[in-house]
Amino acid sequence: MIDFELSPEVENTKSMIHMVAEQAMRPIAREYDEREHEKPWEFLEMMWNASRTASPVSFGGGREKKAGPSIRNVISTVTIEELSWGDAGLYLSIPNSGLGGAAVAAAGTPEQRQRFLARFSEGEPKWGAMAITEPGCGSDSAAITTTAVRDGDHWVLNGTKIFVTSGLMAAEKSKGFVVVWATVDKSAGRGGIKAFVVESGTPGMTVTKVEHKMGIRASDTAMIVFEDCHIPLDNLLGSAEVKKTTEGFKGVMATFDATRPAVAASAIGIGRAAIELVRETFEKAGITIRYGTAPTKLTALERDFMEMEANLQAARLLTWRAAWMMDQGMQNSLEASMAKAKAGSAVTQVTQKAVELLGPLGYSRKYLLEKWMRDAKINDIFEGTQQINLLIVARRILGYSSKELN
């Protein structure tokens, strides 16, 4: 028998986080969309204090088999959906180890995990970030040009990174860190790419720009320049050895196996918010969706609404599957990309259709729906674009390498 029900423990967490989303996030969502680059400190400190006892937005953490079944990633998926139902921009602004922490968990040693991640359960609010994208390198992460050169007992980083989520908070405004992807040997291609942890305030790391964005405006997205930035040798995640194979690069890429379900979950939360508003508006107008009615007898409006629901539910089940596989210590690269691709596509379709169905009300700033449509699109872009994730799915299913199918 296949069971799609959540356990009582997960349901309890879901209910608790929904209250936070409804009472603490929705009321300030519009305000901090308009006040881009300002921080809702009361909310952020509340979430930071809550995370000390049970981190609500952590995701990933490697695939070590532990005694008994784990549900951590499933809980995180459900939590992220609820927080994004509240507001995706505010969710992304919550202090936590973030994408940088996911990279440390996926590619770091046990000592590095302790050294870099312990700080997120103590002291003042902190942020982690991951810097991959460059002005001349987007979806093709193997084309990274930022360099890391060994100089005695240090690595020296030089290069420019753009579109770094929480980059300002991680690099300058807290005692966090930024995980930087750089090449130690350009001639080695993917095999020469490594991940390095750069502590906040490290000389040579400078935030030069904070982006003005269409959506998720409460979250900062930064450009970071590295100029002769010296970091300790043991801040490299994993081995410094450059091999002819791409195993090292695959280790770094494993970060996405953890973070793509998280992005998918966020997309689902936004889409659910849009669907619920449409349903409520219909009910107020006396419009009922007739489930169980023959397809040929449904109105166009009913068919559109059911398609929206089906799309979102398919994305949710794929996302839960990818998260569950991580909890079981299973390889989930295919499933993570499937979830991310489906959710990014679904939330874009759902929010656009929701605006269309509500017409002037959907387009109006009276409701948050137009904001959700703006917030939605990023989920189809970051953590690997729709096209890249579909390419990964095709390669995994067909058994082709990146050289054979690109």
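Everything quoted here is computed from the prediction, not taken from an experiment.
Side-chain contact between Y367 and L358: absent, with no pair of heavy atoms (C-beta onward) separated by less than 4.5 Å. Taking 4.5 Å as the limit, every side-chain heavy atom of K353 sits out of range of all side-chain heavy atoms of V278. Side chains of M47 and L83 form a contact here, defined as non-hydrogen atoms less than 4.5 Å apart.
For R303 and E307, the salt-bridge test fails: no basic side-chain N is under 4.0 Å from an acidic carboxylate O. Ion pairing of K173 with D220 is absent here, as no side-chain N (NZ or NE/NH1/NH2) approaches a carboxylate O to less than 4.0 Å. Electrostatic pairing of E81 and R316 counts as a salt bridge here, judged by a charged N lying under 4.0 Å from a carboxylate O. By the 4.0 Å N-to-carboxylate-O rule, R279 lies too far from E276 to be salt-bridged with it. K297 and E302 are not joined by a salt bridge, as no carboxylate oxygen comes within less than 4.0 angstrom of a charged side-chain nitrogen.
E199 and T202 are not linked by any side-chain donor-acceptor pair at a separation below 3.5 angstrom, with hydrogens and angles left out of the test. Using modelled atom types and a 3.5 Å distance limit, the side chains of E134 and T146 yield a donor-acceptor pair. In the model, K340 has no side-chain atom that pairs as donor or acceptor with a side-chain atom of N379 under 3.5 Å.
The backbone N or O of T319 sits nowhere less than 3.5 Å from a side-chain atom of R260 that would complete a donor-acceptor pair. Judged by distance alone, with hydrogens and angles left aside, the side-chain atoms of K377 form no donor-acceptor pair with the main-chain N or O of G215 at under 3.5 Å. Counting only distance, with no hydrogens or angles, the side chain of S166 and the backbone of M169 share no donor-acceptor pair below 3.5 Å. N332 places a side-chain N or O within 3.5 Å of a backbone atom of A322 that can act as its donor or acceptor partner. A distance-only check finds a donor-acceptor pair linking the side chain of S70 to the backbone of R72 [under 3.5 Å]. Between the R119 side chain and the K126 main chain, no donor and acceptor come within less than 3.5 Å of each other. Remark: side-chain polar atoms of S266 are not paired, donor with acceptor, to backbone N or O of A262 under 3.5 angstrom. In this structure, R113 contributes its side chain and A105 its backbone to a donor-acceptor pair below 3.5 Å. The closest donor-acceptor contact from the side chain of R150 to the backbone of G152 lies under 3.5 Å. For the pair R272 (side chain) and I268 (backbone), a donor-acceptor distance under 3.5 Å is absent.
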Note to self: Does T77 form a side chain to side chain contact (heavy atoms under 4.5 Å, CB included) with W324? I'd like the steps, not just the answer.
What the structure shows: CA-CA 10 Å; T77 300; W324 175 85; over 6 Å; no
Notebook entry, point to check: How far apart are the C-alpha atoms of W85 and M25, what are their side-chain angles, what is the distance that settles it, and do they pass the side chain to side chain contact (heavy atoms under 4.5 Å, CB included) test?
Noted result: CA-CA 9 Å; W85 176 91; M25 300 176 80; over 6 Å; no
Next item on the list: Could you walk me through whether E383 and L99 pass side chain to side chain contact (heavy atoms under 4.5 Å, CB included), step by step?
Entry: CA-CA 10 Å; E383 295 299 288; L99 300 180; 3.4 Å; yes
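The two residues S97 and L117 come nearest to each other via the heavy atoms CB-CD2, 4.1 Å. Smallest separation of non-hydrogen atoms from V207 and E172: N-OE2, 3.1 Å. Minimum heavy-atom separation, L168 to A222: N-CB, 3.8 Å. Closest approach of T165 to A129, counting heavy atoms only: O-CB, 3.4 Å. When all heavy atoms of I132 and K161 are compared, the pair lying nearest together is O-NZ, 2.9 Å.
Screening D228, T145, T147 for a side chain to side chain donor-acceptor pair (under 3.5 Å) with N158, the sole residue that qualifies is D228. Checking each of Q349, Q387, Q386 against D380 for a side chain to side chain donor-acceptor pair (under 3.5 Å) leaves exactly one that passes, namely Q386.
Annotation: salt bridge (Lys or Arg N to Asp or Glu O under 4.0 Å) contacts of K14 (sequence neighbours excluded): E82.
Classification of the F196-W155 ring pair by plane angle, with boundaries at 30° and 60°, yields perpendicular.
If you look at F177 and F120, their ring centroids are closer than 6.0 Å.
Interatomic distance, NZ of K371 versus CG of D33, reported as 5.0 Å (0.5 Å rounding).
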